Chemist: 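First, the structure itself, so that you have it in front of you.
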Amino acid sequence: MARVRSVLQNVCSALLLLAVGTEALKFDIQAGSGHDSLSRRCIRNFVAKDMLVVVTAIVDGYKGDGMQLNMHIMDAAGNEYGKPKDIAGEQRTVFTSHADAAFDVCFENILTGNKYVQNPNRHVELDIDIGADAKDWAAVQASEKLKPVETELRRIEEMVGEIVSEMDYLRHREQKLRDTNESTNNRVKWFGFLTTFLLVGLWAWQIMYLRAYFRSKHLI
């Protein structure tokens, strides 16, 4: 038991280090018609239900420079969380997830044709904060009059709670998949038995039919 607890602590520590050390995703998106693959880019992430999510996009350029960069946030369950158009500078979208599902943050860079564009590209810095990372801890510290150490401990506590919840969710999914696998194997087993019995019955019927036929023809 102590060994399992030690392993879990090491896993939680590693995940916390990864969460703290995560930087914004940076990429360039070429301008085009908006329907081709070069002018459209989607970033996918998974979020649990009722989780706070903050999507921050910092885009270079300016409105009216011959390009229109649109952003669309939607999850796999069909819930739409934001669709700002013609963004430039910093664009922040805050929402609470409605389902346990993956969500996509999609960008499309469209040439407007208003003016000639020498370098038809937009540089995007995307930062996605989920759960404890999405909270404004400075405001929490000021409102509850916490010390910096207490604020950091509160943040780590919530992150560990999210990790535990994620592990419970994965364990529940694994149990459902195992039950489905066992049910499928059971059905395949009985289907195999039924097929075998049908083949044996067909074989017996063919033998009886051939014997009756040959006797009717006085061959045996």
Side-chain angles (χ1 to χ4, degrees), residues 11 14-140 155-156 158-159 162-163 165-167 169-170 173:
V11 172
L15 292 175
L16 286 175
L17 289 175
L18 289 175
V20 172
T22 302
E23 295 182 355
L25 180 64
K26 302 178 182 180
F27 58 91
D28 293 327
I29 179 170
Q30 182 177 338
S33 62
H35 301 289
D36 55 290
S37 58
L38 294 178
S39 60
R40 184 174 177 84
R41 182 76 61 88
C42 290
I43 308 299
R44 175 164 291 184
N45 207 332
F46 181 84
V47 65
K49 185 179 180 180
D50 297 329
M51 293 289 288
L52 178 65
V53 181
V54 178
V55 179
T56 305
I58 301 177
V59 184
D60 67 350
Y62 56 92
K63 296 182 180 181
D65 60 355
M67 294 178 289
Q68 178 179 329
L69 185 68
N70 303 324
M71 184 171 69
H72 188 196
I73 305 175
M74 184 176 181
D75 66 11
N79 300 305
E80 188 173 288
Y81 299 110
K83 200 172 182 180
K85 295 183 177 296
D86 196 12
I87 62 176
E90 181 175 338
Q91 174 69 38
R92 177 169 295 182
T93 304
V94 182
F95 63 90
T96 301
S97 58
H98 300 324
D100 295 326
F103 70 95
D104 293 329
V105 182
C106 295
F107 297 90
E108 59 177 3
N109 194 10
I110 303 175
L111 285 171
T112 59
N114 296 332
K115 58 188 297 187
Y116 172 75
V117 182
Q118 184 177 2
N119 185 22
N121 288 284
R122 283 283 184 90
H123 181 73
V124 180
E125 294 184 12
L126 179 64
D127 190 12
I128 301 176
D129 296 320
I130 301 174
D133 289 334
K135 285 189 175 181
D136 187 357
W137 290 103
V140 173
R155 186 178 70 87
I156 293 175
E158 291 200 12
M159 292 179 66
E162 292 172 4
I163 294 173
S165 299
E166 181 70 16
M167 288 182 176
Y169 171 76
L170 293 176
R173 287 291 301 271

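Since the model is a prediction, treat every value here as computed from it, not as a measurement. All values below were derived from every heavy atom in this structure, side-chain atoms included, with hydrogens, water molecules and symmetry-related copies excluded.
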Chemist: Is there a side chain to side chain contact (heavy atoms under 4.5 Å, CB included) between Met67 and Leu69 once you walk through the steps?
Modeler: CA-CA 6 Å; Met67 294 178 289; Leu69 185 68; over 6 Å; no
Chemist: Between Gly131 and Met51, what is the shortest heavy-atom contact and its length?
Modeler: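 Looks like CA-CE, 3.5 Å.
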Chemist: Which heavy atom in Ala88 sits nearest to a heavy atom in Gly61, and how many Å separate them?
Modeler: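 In terms of heavy atoms, the two residues are closest at CB-O, 4.0 Å.
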Chemist: Test Met71 against Val59 for side chain to side chain contact (heavy atoms under 4.5 Å, CB included), laying out the working first.
Modeler: CA-CA 11 Å; Met71 184 171 69; Val59 184; over 6 Å; no
Chemist: Hey, what do you get for CG (Leu25) to CG (Asn45), rounding to the nearest 0.5 Å?
Modeler: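 Here the rounded value is 10.5 Å.
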Chemist: Look at the rings of Phe103 and Phe95 and say which category their plane angle falls in: under 30° parallel, 30 to 60° tilted, over 60° perpendicular.
Modeler: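 Phe103 vs Phe95 ring planes: perpendicular.
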Chemist: State, with a plain yes or no, whether a side-chain heavy atom of Asn70 is found less than 4.5 Å away from one of Gln68.
Modeler: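 The answer is yes, as the side chains (C-beta and beyond) meet within the 4.5 Å cut-off.
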Chemist: So, using salt bridge (charged side-chain N to carboxylate O under 4.0 Å, His left out) as the criterion, who are the partners of Arg173 when residues are at least two apart?
Modeler: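 So Arg173 forms no salt bridge (charged side-chain N to carboxylate O under 4.0 Å, His left out) with any residue.
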Chemist: Grab the two heavy atoms, one from Met159 and one from Ala132, that are nearest each other, plus how far apart they are.
Modeler: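 It is CG-CB, 3.6 Å.
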Chemist: Measuring from Lys49:NZ to Asp100:CG, what's the distance to the nearest 0.5 Å?
Modeler: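 Separation between the atoms: 7.5 Å.
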Chemist: Got a second to check how far Lys135's NZ is from Leu52's CG, nearest 0.5 Å?
Modeler: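 The distance works out to 8.0 Å.
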Chemist: Roughly how far apart are Asp28 CG and Asn119 CG, rounded to 0.5 Å?
Modeler: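 The CG atom of Asp28 sits 8.5 Å away from the CG atom of Asn119.
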Chemist: Would you indicate whether the side-chain heavy atoms of His72 and Glu80 approach each other to under 4.5 Å?
Modeler: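 When only atoms from C-beta onward are counted, His72 and Glu80 do touch, with a gap below 4.5 Å.
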Chemist: Would you say Asp104's side chain and Cys106's backbone share a donor-acceptor pair under 3.5 angstrom?
Modeler: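 Not at all, since once roles are kept as given, no pair shorter than 3.5 Å links the two residues.
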Chemist: State the OG-CZ distance between Ser39 and Phe107, to the nearest 0.5 angstrom.
Modeler: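 Separation between the atoms: 13.5 Å.
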Chemist: Nearest 0.5 Å please: distance from the CG atom of Asp86 over to the OG1 atom of Thr112.
Modeler: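 Going from the CG atom of Asp86 to the OG1 atom of Thr112 covers 8.5 Å.
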Chemist: How close do Gln30 and Asn109 get, heavy atom to heavy atom, and via which atoms?
Modeler: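 Heavy atoms of Gln30 and Asn109 come nearest at O-CB, 3.6 Å.
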Chemist: Could you give all pairs that pass the ring-ring contact (aromatic ring centres under 6.0 Å, His included) test and reach residues 49-68, with sequence neighbours left out?
Modeler: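 Every pair satisfying ring-ring contact (aromatic ring centres under 6.0 Å, His included) with a residue in residues 49-68: there are none.
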Chemist: Applying salt bridge (charged side-chain N to carboxylate O under 4.0 Å, His left out), name anything that partners Asp65, two or more places apart in sequence or on another chain.
Modeler: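 Arg122.
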